[in-house]
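Heads up, the thing below is written out as structure tokens.
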Amino acid sequence: MYEGLKGFTDFYPDEMAPLREVIDTIEDTARAYGFRETSTPALEPAEMWTDKSGEDIVDELYDFEDRGGRHVTLTPELTPTVARMVVAKQQALSKPIKWFSTRPFWRYEQVQQGRYRELYQTNADIFGSSEPDADAEVLAFAADSLTNLGLDGSEFEFRVSHRDILGELLRSFDADVDTTAAIRAVDKRAKVEDEEYLGLLSDAGLSYDQAREFDDLLVAGDDDLSALTDFADSEELAAAVENLENVLAAAEDFGVRQYCDVSLTTARGLDYYTGVVFECFDASGEVSRSIFGGGRYDHLIEEFGGQSTPAVGVGIGVMNSTLPLLLQVHDAWPGEGISTDYYVLQVGDVRSVASRISRELRERGHVVETDVSGRSFGGQMNYADSIDAETVVIVGERDLENDEVTIKDMKSGEQTNVPVDEFPGESDRPTYDEFA
RNA sequence: UCCGGGUUGGGGUAGUGGUUAUCCUUCAGCCUUGUGGAGGCUGAGACGCGGGUUCGAUUCUCGCACCCGGACCCA
């Protein structure tokens, strides 16, 4: 007997059925916004991550040398791949480009609640629009996905921040600040002691007093963004604040503003984000990890060798992620197990008739099972029960002597005889009730 | 990489340095060779892996693997 790899998960049919519903719901939402489906490789040149991404990502790569001596990696995220695709066909694609896909990703990291080494994400991205409407549409898609899954606004929250606000605010201090390090410090704010947090900020170049002032501004800004523009007379800062306000205004018109809280201390770890960034959290706090996140990355396409192209997107973890935890906590986990429309029960040498009936029922789009194990009558009834069959069609030698089959409703247990020539007949979904 | 807690049939569990390892459930078959959800009977099926201590280890001990949770990091 073999064991599967740590951090990889087998999904059995009764586990996959609700996950399928979750994925279908999110994908239907994406389609409704006009996102078009793409499919992308599992394996990519490792350089796509080692060249641009920070140490953190590289440490988690599932990478190796292939037989041609190429340094390749299983993809840990989608963004560089879609960036590559956009660059390759940039001139041919009409803008805005709106793509979605659901597929696995791999990260070699420590396994814990909601975090595995193989995870599935539905990504949705918009390329070619820097308008606030594009940011807001991504927020709206994400929010609609959650509400379509049965969550309401009191059960999740989007913490929305803006990289340029943080950057410009830092720049407005009269100091030589390492912006990236400072933003990383902000990202840690909730996790470390005040003193350590302020220490990280001063490591980044702020004086102690400036660090205090900076932090006060972030907190004040969450309630009232004008506190920021009042502080510094900076055109760039004003533009960033205005951009965030415009995104929130668009979100208001799109009907999702109520899910969004301004939270300037939400920074997100990835370095390529540029404007609006957001993370989704469980409003009840029961799921402590972030559910998913996204944001704007206006420079990545250019960095990948394309023409300057603004971009904004979100990646929602659907399997081996925290979203199932969120849905379970709020009683929104799809309950449907496997079910079967018809079981065609065979007694004796009746395969040709049973097959004809099965085929005609399947042609009508139903889920139909019949015996492939040579089981006894009782054994087949047992099996029909175990697969939650709604109707059992008994094709037995005894009935066929009278040119009949028996239609049995499994819920009530009632049954009746029907001429074999009239089943399934003209009805799309013939059941016991129609013949009773 | 670090810190806790775990690992006994498919699932859930009891127990023990020494005969055939407990119970529930599940699965298969039968009671009932044409009727599932109830009951009865029969059967299948387990001490994570490796080393050490010991006459003897599932039990004690060490290492490893895996699982659960946490730190770090992230989605």
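Below, chain A is the first sequence line, B the second, and so on; all start at residue 1.
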Protein-nucleotide distance ([X], atom [atom1]; [N], atom [atom2]), rounded to Å:
X: A:Asn320; N: B:rC67; atom1: CG; atom2: C1'; value: 14 Å
X: A:Asn417; N: B:rU35; atom1: CG; atom2: C1'; value: 13 Å
X: A:Glu414; N: B:rU35; atom1: CD; atom2: P; value: 18 Å
X: A:Gln380; N: B:rU33; atom1: CD; atom2: P; value: 15 Å
X: A:Arg289; N: B:rC72; atom1: CZ; atom2: C1'; value: 10 Å
X: A:Tyr108; N: B:rU1; atom1: OH; atom2: P; value: 7 Å
X: A:Asp399; N: B:rU35; atom1: CG; atom2: C1'; value: 11 Å
X: A:Tyr383; N: B:rG34; atom1: OH; atom2: C1'; value: 20 Å

Whole-angstrom distance between [N] and [M], as gauged at atom [atom1]:
N: B:rG11; M: B:rC67; atom1: P; result: 14 Å
N: B:rC66; M: B:rC49; atom1: C1'; result: 10 Å
N: B:rG10; M: B:rA46; atom1: C1'; result: 11 Å
N: B:rG34; M: B:rU42; atom1: P; result: 25 Å
N: B:rG43; M: B:rG48; atom1: C1'; result: 27 Å
N: B:rU59; M: B:rA21; atom1: P; result: 16 Å
N: B:rG18; M: B:rU25; atom1: C1'; result: 31 Å
N: B:rG12; M: B:rC27; atom1: C1'; result: 15 Å

Just checking [X]: base, sugar-phosphate only, or nothing, at a heavy-atom cut-off of under 4.0 Å?
X: A:Gln113; answer: sugar-phosphate
X: A:Gly317; answer: nothing
X: A:Glu397; answer: base
X: A:Gly7; answer: sugar-phosphate
X: A:Tyr12; answer: nothing
X: A:Gly348; answer: nothing
X: A:Ile291; answer: sugar-phosphate

Classify the ring geometry between A:Tyr343 and A:Tyr383 as parallel (under 30°), tilted (30 to 60°) or perpendicular (over 60°). perpendicular
Between A:Phe35 and A:Phe141, does the ring centre distance come in under 6.0 Å? yes
Check: A:Phe8 ring centroid to A:Tyr116 ring centroid under 6.0 Å: no
Please round to the nearest 0.5 Å and tell me the distance separating atom CG of A:Leu198 and atom CZ of A:Phe214. 11.0 Å
For [X] and [Y], test the side chains for any donor-to-acceptor distance below 3.5 angstrom and give the result as yes or no.
X: A:Ser284; Y: A:Glu155; result: no
X: A:Asp144; Y: A:Thr29; result: no
X: A:Tyr120; Y: A:Ser321; result: no

Let me know, please, whether A:Gln121 or A:Lys408 comes out on the 5' side of the other along RNA chain B by nearest nucleotide. A:Lys408
Nearest-nucleotide wise, let me know which of A:Arg398 and A:Glu109 is further upstream toward the 5' end of RNA chain B. A:Arg398
So the stems of RNA chain B, runs of at least three Watson-Crick or G-U pairs (under 3.5 Å), are B:1-7 with B:65-71, B:10-12 with B:23-25, B:26-31 with B:39-44, B:48-52 with B:60-64
Do [X] and [N] share a donor-acceptor pair, side chain to base, under 3.5 Å?
X: A:Gln415; N: B:rU35; value: yes
X: A:Arg115; N: B:rA75; value: yes
X: A:Asp385; N: B:rG36; value: yes

Going by heavy atoms in the side chains, are A:Val405 and A:Ile357 under 4.5 Å from each other? yes
Hey, are the side chains of A:Leu228 and A:Leu264 touching, using non-hydrogen atoms and a 4.5 Å cut-off? yes
Would you indicate which nucleotide in [options] comes nearest to any side-chain atom of [X]?
X: A:Gln112; options: B:rA71, B:rC68, B:rA75; result: B:rA71
X: A:Lys6; options: B:rU35, B:rA75, B:rC66; result: B:rC66
X: A:Gln110; options: B:rA75, B:rU35, B:rA71; result: B:rA71

More than 12 heavy atoms of other groups within 6.0 Å of A:Arg429 CZ: yes
More than 12 heavy atoms of other residues, nucleotides or ligands under 6.0 Å from OH of A:Tyr33: yes or no? yes
Any idea which heavy atoms bring A:Thr25 and A:Ser145 closest together, and the distance? CG2-O, 4.3 Å
Give each protein N/O atom lying under 3.5 Å from an N/O atom of nucleotides 25-31 of chain B, with the pair distance.
unit_1 : atom_1 : unit_2   : atom_2 : d
B:rA28 : OP1    : A:Arg375 : NH2    : 3.4

